[in-house]
Each structure stands twice: as C-alpha cells, then as structure tokens.
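Inspection log for the structure reproduced underneath, given as structure tokens.
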Amino acid sequence: MPVNLSSNGIPAILAGDMNSKPLLQILDIKPINSSQERYRLILSDSVLTQQTMLATQLNDRVKNGAVRVGSVVQLIEYICSTIQNRKIIVVLNMETIIPECEIIGNPKMFTESDTISHNPPPNGISHHTPPPSNHRLNPTNTTNNIQTFRPTVQPPYQPPPIYKPHGAITKNEAPPRIIPITALNPYQGRWAIKARVTAKGDLRRYNNAKGDGKVFSFDLLDSDSGEIRVTCFNSVVDRFYDTIEVGKVYIISKGSLKPAKKNFNHLNNEWEIFLESSSTIDLCTDEDSSIPQQQFSFKLISEIETLENNSIIDIIGIVTSVNPSVPILRKNGMETQRRILTLKDQSSFSVELTLWGDFCNREGQTLQELVNSGLTPVLAVKSGKVNDFTGKTIGTLSSTQLFIDPESSEADNLRSWFNTRGKNVISQSISRETGSKTETRKTVSQIKDEGLGRSEKPDWVSIKATLIFIKTDNFCYTACPLTIGDRKCSRKVTKSGGLKWQCDRCNKEFEECDYRYLLQCQIQDHTGLTWVTAFQECGEEILGCPAKELYVMKYEEQDDERFGELIKSRLFAEVVFKLKIKEEVYGEEQRVKITVVKVDKVDYGSNTKLLLDSIKMKRYFQFEREGPDVTAQHPP
C-alpha cells in the first residue's frame, strides 16, 4: 500500500528543524560494534536517505520487532549532531505508523548539494513532485488505492523564529535545545539539560605524575527521573564549586560525556558528564515542581546480606540505638569522628550504620537526642556504602545524604509497621556483634594448618596470645609529614645534602619529619609462635607511646637502660590480636604476611563463653561423626 512520506523530511532535519515530526521509512537496521548496545538506522523520506543513531532507550523496539526494515515511523523527538564532519540524526523518541511496508520511492543518500536543491522556498510551500512510483498499479485506479498517512503534526517547514532576524546562522550560534538526561550520548554536538542537584561531593585534592590537582562531583536529577553525575577538575572547580547548591535547579550545557566508572558512580546512567572551560551553568530562579527533590531505590536490610562489598545503595529503617561519637585515627594519620547506630525494617533484620566525619555531629547528634528522649525516628540513607569487614554494615561517604523522618510513602509504611507490631519484633542483625558470638577465633597453629591467607582475599581472624619478643634495631622509620588531598603522604624520607628532610614522592624538603612504627614482633599461644608486623596505630597500642618519643629516647638521648625497661614492660602480656593474613610476593618468593590491625585486652568473660561454644561445637561434630553412643560415653 503506497504511502506519502514527509516531503523534504531529511533536508529539513539537517537544516535544523526539530519540530516538524516527519513521517519517514526505515531502510536498514544494523547493530554498532561497541561496548554499548546501539543500533544504526537508515531513514528515507522517499527521495533522500540519511544515517541515524537510535537512542539506547529505544533498543527494545528493535528487539521485539516493533520497528524493522520497511517500517514507516513518525519521529517525535530527535536531534542532529555533527560527528567527524558528518551530520547524524539521533532519534530520541518515535512512533510506528505502519509496522511493515514495501520500499517507497527510489531514494538516494543525502549530500551537501541536496541542501540547496531540496530547501523549501521562503514562503514555506514545497513544490517538490515525487518521482514516478515503481509499484505496478493501474494508473486509472491510483487515486483510489493510495492512502495518505499524515504525521500528527506536519506543518510546512520554516526556520525557527529565533533565526529570522539574523539571516545566515554561523556555526553553534543557536542556543542548545534542552533534552532529557536519558537522551544524552557522546554523539551529540550541542545539548543542554535542566536538572536539580541532589548531592554534592567534597572538594578533594590529589597528587599524581602530572602534579597536584583538585576535583569535585555532583549528581543531577531531571523531571523524567533521569540521573547523571557531573565531575569538574582544577580550573573548572574554581568556576563552579561555590555556584552549585544541593536542591537548586540549573541549566547545564557544553561538556563531554564519558563512560561512568561504576566503582565510584552508583547512578543509573552509563555516562558521566565532565565539564570544561566552555561549559555553562545557569541557575533557574523559579522553582520547578516537576523535578523531584530526591529519588530513592530502597533495599530491604535482608537484601544487603547478599550484596557485594563496596556496593552503593539506598536504605530506610527505624533507628533503634545510637552510640556516642568517638574520635578515630584513620590509617592516613588524620583524625575523624565515628558514630554507630542501628536500623531495623519490615524484613525483621537490622544493620549497623557507621557515620563518619561531620555526619556524627549533625544528623548523628540529632538522632541521639531523639532516641534518648524515647523516640524512634525513621532514617532514609541515600548512597550508603556496603562493607563486609565485620559482617555486613553500611557506611557514609562524602556523597551520602541522610533524611530524618522524611515525608514519603515508604516512611509512612515503615512507621505504621513499627507502631503496630514492629516494635515487638526481635530483629536478626546482619552486622557482626562485638564479643565472642561471631568472632573468628583461631590459634597460631591453625594459621598454617588451615592455609589461612592463601586465597584470593585476605583472612581476618583474632588470636589470644602473648607478646614474647620485639625487634628494636629498626622499630620505626622517618616519614613524610605532608598531606596529599585528605591523606598524609607517610613515605620514607631521607636527609638531603643539608639538614632538611626530603621526600622523593612529594619532591619537597622540610625541617621536621614524622616517626612511624614498623614493628616486627613474635607472639605465642599454647600451639606455637609466629612473627607479625604492626604499623603506626597498632604499634602505639603495643608500646604505649608515640614512635618519636621512643626514637628520641634511643637515638638522641641514648638512654638504653630506660629504653630497654620500657620494651620489657610491654612483653609477656596476654592480649587479643586481630590479624589480617594474606600471601604476598617478595622477590620471587611467596610468603604469608600477618599484620596486626588491632590489639585488645582479654575480656575473660567473653573468652570463657567462646571456649564453651567451641566445646559444644566440637561435641556436635563428634556426635555427627560417631553417632549417639558418644553422648552415653561422654555425658554432658
């Protein structure tokens, strides 16, 4: 059945008309060889053809056969981009008018010369006469057999009004068209998006082979629920860091799109925007209620147990307990605050949420006051990080957002559940509790006998043992005191030609250096002994004083007697060592390295319970192996 396609449809789009919604035919569909699934189409207006990229959100229409070779479609949303000096149409949305039809006309590939010959005259009326049809039809019956399919909106093509006063348009002079975030792709030359900032990361500084730098990111959400992360580096940070505010709506244009790094970017978008010196950000002063304030994808606490470590998720729960905020010395030498609270939900599971830094004194303090007053607030967590160091826990990041008693259907349902029956439900924790209940206790001999540390991931265990020897010839090293980003360098430094210390990594000199522990110790229990390594914080726990104090005592004051007495006073005390065991390669030799990560005093009550549990488990396995007679021979 012959169909009249939109006359002059292809040249009109390539000339800049984005509003005519033309009726075109698909002549070919081919997948593109790339890491991302995409399709290339060839569209025809019966006279000319043009290559077209299909937006990824329309891939399903090709897969389910809604569009195929011969289909007549109406373009609803589309843009025209120039890629490597070639114009390519990107289809964002379309409707299938006729699923299958014979090829209409005798179209040829569009060339630049066709722009002039097929441009409409100034009055907007096209005088193009279609070529004779190749279909075998009786001429006398042609008018009765031809059915004309008109687009929903098919006005004669005219240049957009903004062009009229200016005559000829120079390249990139027209303002970019606002498109949905989901329609963004690297093939677009010019674009603009209107979106709300839902999260803003901290300003971070870094140092690499190219020198010092700074970076920050923020997340956007638009009215179509599209999300994307925007990242700025160096001079672009100076332009936009103070401009961006969480909750405000902006129009953003001009930037490059690159594949999102999913280790750090949890948003539901395969792309990430990198702003450049030419990029623009304009604040929308009028509030746009069509753009939501925030978008969540909540997981039940019971689902967290199966998630991979470092996953980024949203959760919502009732706050049942809040611990006091405590200072913590990070491995990078910086001190921060930590506060742990507990959440439970309808899945009858609970999880520990660890707040870091400013969260402790802001939302953490508010939550503690509410819980202490007998209330049980609802807490929604946006972008929490899953950790599995001690069971499954959730931790905050710089991009995390906390919402206390949010107004949402999820919060209302959770509150209703808790008030009716949830408060009496005993929740099962997916986070490892302190004490012996879930502690992985081993002996020294089991490290070798069970091959601990030889798998792909390290083993984390605790051992109740006695410290019997400390190497004192090289118990610490001189370290760089400078800070790179939010971390101390801590690389080993040496004295330069003068009296200053020099760091090869930072390429700087300084008067004073840091002293950091690097202890080699022997520990022993009733099954054997082994060597362990203890770094800065654990070294201070073992020796009870800073490394610099001990260095001055031994090498500057040369008070060997006092030094020796201090070392002896720390030996032969029974403690619980928490260890990280991992096989590493030294030269061409593989060795199991045992590192102390924490030193605790022995809690004899918990230790006794651990031993009793161990006896019960041994009796259970013996019963399973030998049968019921074992209980008669060895009554409990």
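Sequential numbering from 1 along the given sequence is applied to the chain's residues. In this text, all values refer to a predicted model and were calculated from it rather than measured experimentally. These numbers come from the heavy atoms of this one structure, side chains and all, not from hydrogens, waters or symmetry mates.
- With W460 as the aromatic partner, K582 does not meet the cation-pi criteria of under 6.0 angstrom to the ring centre and within 45 degrees of the ring axis.
- You'll find the side chain of S429 stays beyond 4.5 Å of the side chain of V351, heavy atoms only.
- Not one N or O on the side chain of E450 forms a donor-acceptor pair closer than 3.5 Å with the backbone of I447.
- Contact between C506 and L482 at its shortest, heavy atoms only, is CB-CD1, 4.0 Å.
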Report task. Dump the intermediate steps for side chain to side chain contact (heavy atoms under 4.5 Å, CB included) on V381 and T400, then the final yes or no. Result -> CA-CA 7 Å; V381 181; T400 300; 4.0 Å; yes
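- One N or O on the side chain of D314 and one on the backbone of S297 form a donor-acceptor pair closer than 3.5 Å.
- Side chain to side chain, T342 and S321 meet the donor-acceptor criterion of an N or O pair below 3.5 Å.
- At distances below 3.5 Å, at least one donor-acceptor pair connects side-chain atoms of K392 with backbone N or O atoms of L307.
- Under the 4.5 Å side-chain criterion, counting only non-hydrogen atoms from C-beta, I394 is not in contact with T354.
- With rounding to the nearest 0.5 Å, the separation of CD in Q536 from CD in E541 is 11.0 Å.
- Using a 4.5 Å heavy-atom cutoff, the side chains of D219 and V197 are not in contact.
- Under a cut-off of 6.0 angstrom, the local environment of NZ in K442 is crowded, with over 12 non-hydrogen atoms contributed by other residues, nucleotides or ligands.
- Within the 3.5 Å criterion, the main-chain N or O of D388 finds a donor-acceptor partner in the side chain of N309.
- For the pair K382 and F298, the cation-pi criterion (under 6.0 Å, within 45° of the ring axis) is not fulfilled.
- Salt-bridge annotation for R415 and D405: present, with a side-chain N of the basic residue lying under 4.0 Å from a carboxylate O of the acidic one.
- Counting heavy atoms from C-beta outward, L414 and D345 have side chains that approach closer than 4.5 Å.
- With hydrogens and angles ignored, the 3.5 Å screen pairs a side-chain donor or acceptor of K200 with a backbone N or O of I244.
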Query raised in the report: Could you go step by step and tell me if W531 and F469 meet the side chain to side chain contact (heavy atoms under 4.5 Å, CB included) rule?
Result: CA-CA 9 Å; W531 285 97; F469 181 73; 3.6 Å; yes
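- Enclosure of atom NZ in K214 by more than 12 non-hydrogen atoms of other residues, nucleotides or ligands within 6.0 angstrom is indicated.
- Remark: R362 is positioned above the aromatic ring of F359, its terminal NZ or CZ atom under 6.0 angstrom from the ring centre and at most 45 degrees off the axis.
- Atom CG of L220 and atom CD1 of I228 lie 7.5 Å apart (nearest 0.5 Å).
- Counting heavy atoms from C-beta on, the side chains of T376 and F418 come closer than 4.5 Å.
- Counting non-hydrogen atoms of neighbouring residues, nucleotides and ligands closer than 6.0 angstrom, the CG atom of D412 exceeds 12 such neighbours.
- Using modelled atom types, one side-chain atom of T478 and one backbone atom of V493 make a donor-acceptor pair closer than 3.5 Å.
- In this model, no donor atom of one side chain and acceptor atom of the other lie less than 3.5 Å apart for N361 and R339.
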Report task. Take I523 and V575 through the side chain to side chain contact (heavy atoms under 4.5 Å, CB included) test and state the conclusion after the steps. Result -> CA-CA 10 Å; I523 63 174; V575 294; over 6 Å; no
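- Taken to the nearest 0.5 Å, the CZ atom of F535 stands 14.5 Å off from the OH atom of Y517.
- C538 SG to L519 CG: the interatomic distance, rounded to the nearest 0.5 Å, is 9.5 Å.
- No more than 12 heavy atoms of other residues, nucleotides or ligands shown are found within 6.0 angstrom of NZ on K261.
- Looking at every heavy atom in both residues, T182 comes nearest to G226 through CG2-CA, 4.1 Å.
- Annotation for I301 and I430: closest pair O-CD1, 3.6 Å, computed over non-hydrogen atoms.
- Salt-bridge formation is not detected for the pair E272/R229: no Lys NZ or Arg NE/NH1/NH2 atom is positioned less than 4.0 Å from an Asp or Glu carboxylate oxygen.
- Closest of all the heavy-atom pairs between N269 and A260 is O-CB, 3.8 Å.
- Between Y241 and the choices F216, F218, F233, the ring-ring contact (aromatic ring centres under 6.0 Å, His included) rule is met once, by F216.
- Contact of the Q365 side chain with the C360 side chain is not registered, since no non-hydrogen atoms from C-beta on lie closer than 4.5 Å.
- No side-chain donor from either of Q590 and R454 sits under 3.5 Å from a side-chain acceptor of the other.
- Between V378 and P406, the shortest heavy-atom distance links the atoms O-CD, 3.8 Å.
- At least one side-chain heavy atom of I463 sits less than 4.5 Å from a side-chain heavy atom of V444.
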Query raised in the report: Could you walk me through whether R196 and Q294 pass the side chain to side chain donor-acceptor pair (under 3.5 Å) check?
Result: CA-CA 9 Å; R196 188 185 305 277; Q294 188 56 269; over 6 Å; no
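- Atom CZ in F403 sits 10.0 Å away from atom CG in L379 (nearest 0.5 Å).
- Geometrically, K492 does not engage Y477 in a cation-pi contact, judged by NZ or CZ lying under 6.0 Å from the ring centre and within 45° of the ring axis.
- The heavy-atom pair separating N419 from K423 by the smallest distance is O-CE, 3.9 Å.
- With contacts defined as side-chain heavy-atom distances shorter than 4.5 Å, the pair Q446/T527 does not qualify.
- The main-chain N or O of L341 is never found under 3.5 Å from a side-chain atom of N323 such that the two would form a donor-acceptor pair.
- Q428 contributes atom CD, which lies 8.5 Å from atom OG of S350 (distance to the nearest 0.5 angstrom).
- For the residue pair S325/Q337, the side-chain donor-acceptor check at 3.5 Å is satisfied.
- Although no hydrogens or angles enter the test, the distance criterion places no donor-acceptor pair under 3.5 Å between the side chain of N234 and the main chain of G213.
- The closest donor-acceptor contact from the side chain of K344 to the backbone of V425 lies under 3.5 Å.
- Side chain of T231 to backbone of F274: no donor-acceptor contact under 3.5 angstrom is found.
- Between E574 and K464, at least one side-chain N (NZ, or NE/NH1/NH2) sits under 4.0 Å from a carboxylate O, which counts as a salt bridge.
- Salt-bridge formation is detected for the pair D600/K598: a Lys NZ or Arg NE/NH1/NH2 atom is positioned less than 4.0 Å from an Asp or Glu carboxylate oxygen.
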Report task. Apply side chain to side chain donor-acceptor pair (under 3.5 Å) to the pair N607 and R441, showing each step before the final yes or no. Result -> CA-CA 10 Å; N607 188 66; R441 181 68 66 87; 3.0 Å; yes
